[in-house]
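Read through the structure below, which is laid out as structure tokens, and then see the notes.
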Amino acid sequence: MSLVFLGDLEGVDFNSLINRLKSSSPNVGCVLLFIGFVRSEGANGGVVKELDYEAYGDLAKAELESIVGDAMKCDGVYSVAVMHKVGRAFPGEHTFIVGVASKHRSEGFKVLREIVERVKSEVHIWKKEVTDKGEVWIPHKS
């Protein structure tokens, strides 16, 4: 099972997500979640008022699907979910969710981290940070 979603994450039901990941195989030994939030402190200082996420729609979704496909090829990984906010987000709001169901925690943690890093560096999603000091586009992380 794999899931890729770009859009509003406000209504994500985490219990349902965990159960969906867990039910992918009777051999699932763990479900790992990464949840990214909007911080209140800006990248260049100041107080964050909001983040505005933009994505190059079909390309970003295809890139996410490729990353998920690679993760699903890893031994001991049974299911993967990647969800990323598109639109306006405010401090405290979750904006990026990655879930991995695996046989053992070691491969699960490795794959989870790889997914997070690849999404941050490869996927055509941009964010504009609006603070009390002004606005700035935050570049991809390498």
Side-chain angles (χ1 to χ4, degrees), residues 1-132 135-142:
M1 185 289 302
S2 64
L3 169 69
V4 170
F5 178 79
L6 286 170
D8 186 4
L9 302 181
E10 186 176 325
V12 172
D13 179 338
F14 287 96
N15 286 328
S16 293
L17 176 61
I18 291 166
N19 287 331
R20 184 173 178 181
L21 290 163
K22 184 171 66 173
S23 68
S24 61
S25 170
N27 289 321
V28 169
C30 66
V31 171
L32 304 165
L33 291 178
F34 169 87
I35 306 169
F37 298 92
V38 179
R39 292 182 300 275
S40 62
E41 182 182 342
N44 298 321
V47 176
V48 172
K49 294 180 180 181
E50 67 185 54
L51 296 179
D52 293 315
Y53 288 94
E54 293 183 12
Y56 187 25
D58 292 339
L59 177 60
K61 189 167 184 181
E63 291 166 336
L64 290 173
E65 288 170 350
S66 177
I67 292 168
V68 168
D70 289 347
M72 292 293 295
K73 293 175 188 170
C74 295
D75 190 42
V77 172
Y78 299 111
S79 60
V80 173
V82 177
M83 296 179 249
H84 203 294
K85 171 81 175 184
V86 175
R88 185 176 292 167
F90 301 97
E93 186 175 338
H94 51 270
T95 59
F96 181 29
I97 302 165
V98 178
V100 175
S102 61
K103 190 171 189 176
H104 302 286
R105 69 183 178 276
S106 58
E107 63 254 12
F109 278 122
K110 180 181 176 189
V111 168
L112 180 73
R113 181 174 185 122
E114 183 176 322
I115 292 168
V116 170
E117 299 303 331
R118 286 187 64 191
V119 169
K120 289 293 188 179
S121 66
E122 297 175 22
V123 179
H124 284 79
I125 298 173
W126 303 273
K127 69 178 173 183
K128 180 173 64 173
E129 183 180 79
V130 180
T131 71
D132 60 350
E135 300 178 356
V136 63
W137 284 97
I138 306 294
H140 282 294
K141 302 290 182 197
S142 307

Report task. Any pair with a residue in residues 15-44 that passes salt bridge (Lys or Arg N to Asp or Glu O under 4.0 Å), sequence neighbours left out, goes on the list, sorted by first then second residue, please. Result ->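 Applying salt bridge (Lys or Arg N to Asp or Glu O under 4.0 Å) to every pair that reaches into residues 15-44, excluding sequence neighbours, yields nothing.
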Checking [X] side chain against [Y] main chain: does a donor-acceptor pair fall under 3.5 Å?
{"X": "Lys85", "Y": "Arg88", "value": "yes"}
{"X": "Asp132", "Y": "Val47", "value": "yes"}
{"X": "His94", "Y": "Leu9", "value": "yes"}

Rounded distance (nearest 0.5 Å) linking atom [atom1] of [X] with atom [atom2] of [Y]:
{"X": "His84", "Y": "Thr95", "atom1": "NE2", "atom2": "OG1", "result": "5.5 Å"}
{"X": "Met1", "Y": "Ser79", "atom1": "CE", "atom2": "OG", "result": "4.0 Å"}
{"X": "Phe14", "Y": "Leu33", "atom1": "CZ", "atom2": "CG", "result": "7.0 Å"}
{"X": "Arg118", "Y": "Lys120", "atom1": "CZ", "atom2": "NZ", "result": "15.5 Å"}
{"X": "Glu122", "Y": "Leu64", "atom1": "CD", "atom2": "CG", "result": "10.0 Å"}
{"X": "Ile97", "Y": "Phe5", "atom1": "CD1", "atom2": "CZ", "result": "9.5 Å"}

Under 4.5 Å between any side-chain heavy atoms of [X] and [Y], yes or no?
{"X": "Val119", "Y": "Ile67", "value": "yes"}
{"X": "Asp75", "Y": "Glu107", "value": "no"}
{"X": "Leu32", "Y": "Phe34", "value": "no"}

Report task. Flag yes if more than 12 heavy atoms outside Tyr56 fall under 6.0 Å of its OH atom; otherwise flag no. Result ->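 Counting neighbours around OH of Tyr56, 12 or fewer heavy atoms of other residues, nucleotides or ligands fall under 6.0 Å, so no.
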Query raised in the report: Which residues satisfy the ring-ring contact (aromatic ring centres under 6.0 Å, His included) test with His124, sequence neighbours excluded?
Result: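 His124 satisfies ring-ring contact (aromatic ring centres under 6.0 Å, His included) with Trp126 once adjacent residues are dropped.
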Which heavy atom in [X] sits nearest to a heavy atom in [Y], and how many Å separate them?
{"X": "Phe37", "Y": "Gly92", "value": "CD2-O, 3.4 Å"}
{"X": "Ile115", "Y": "Ala71", "value": "CD1-CB, 3.7 Å"}
{"X": "Gly57", "Y": "Leu6", "value": "O-CD1, 4.0 Å"}
{"X": "Tyr78", "Y": "Val28", "value": "CD1-CG2, 3.7 Å"}
{"X": "Ala101", "Y": "Val31", "value": "CB-CG2, 4.1 Å"}

Requested in this report: Assess whether side chain to side chain contact (heavy atoms under 4.5 Å, CB included) is satisfied between Leu17 and Met83, documenting all intermediate values.
Outcome: CA-CA 11 Å; Leu17 176 61; Met83 296 179 249; 3.5 Å; yes
Query raised in the report: Under the side chain to side chain contact (heavy atoms under 4.5 Å, CB included) test, which residues partner Glu129, sequence neighbours left out?
Result: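 Counting only residues at least two positions away or on another chain, Glu129 forms a side chain to side chain contact (heavy atoms under 4.5 Å, CB included) with Ala43, Val48, Leu51, Thr131, Val136, Ile138.
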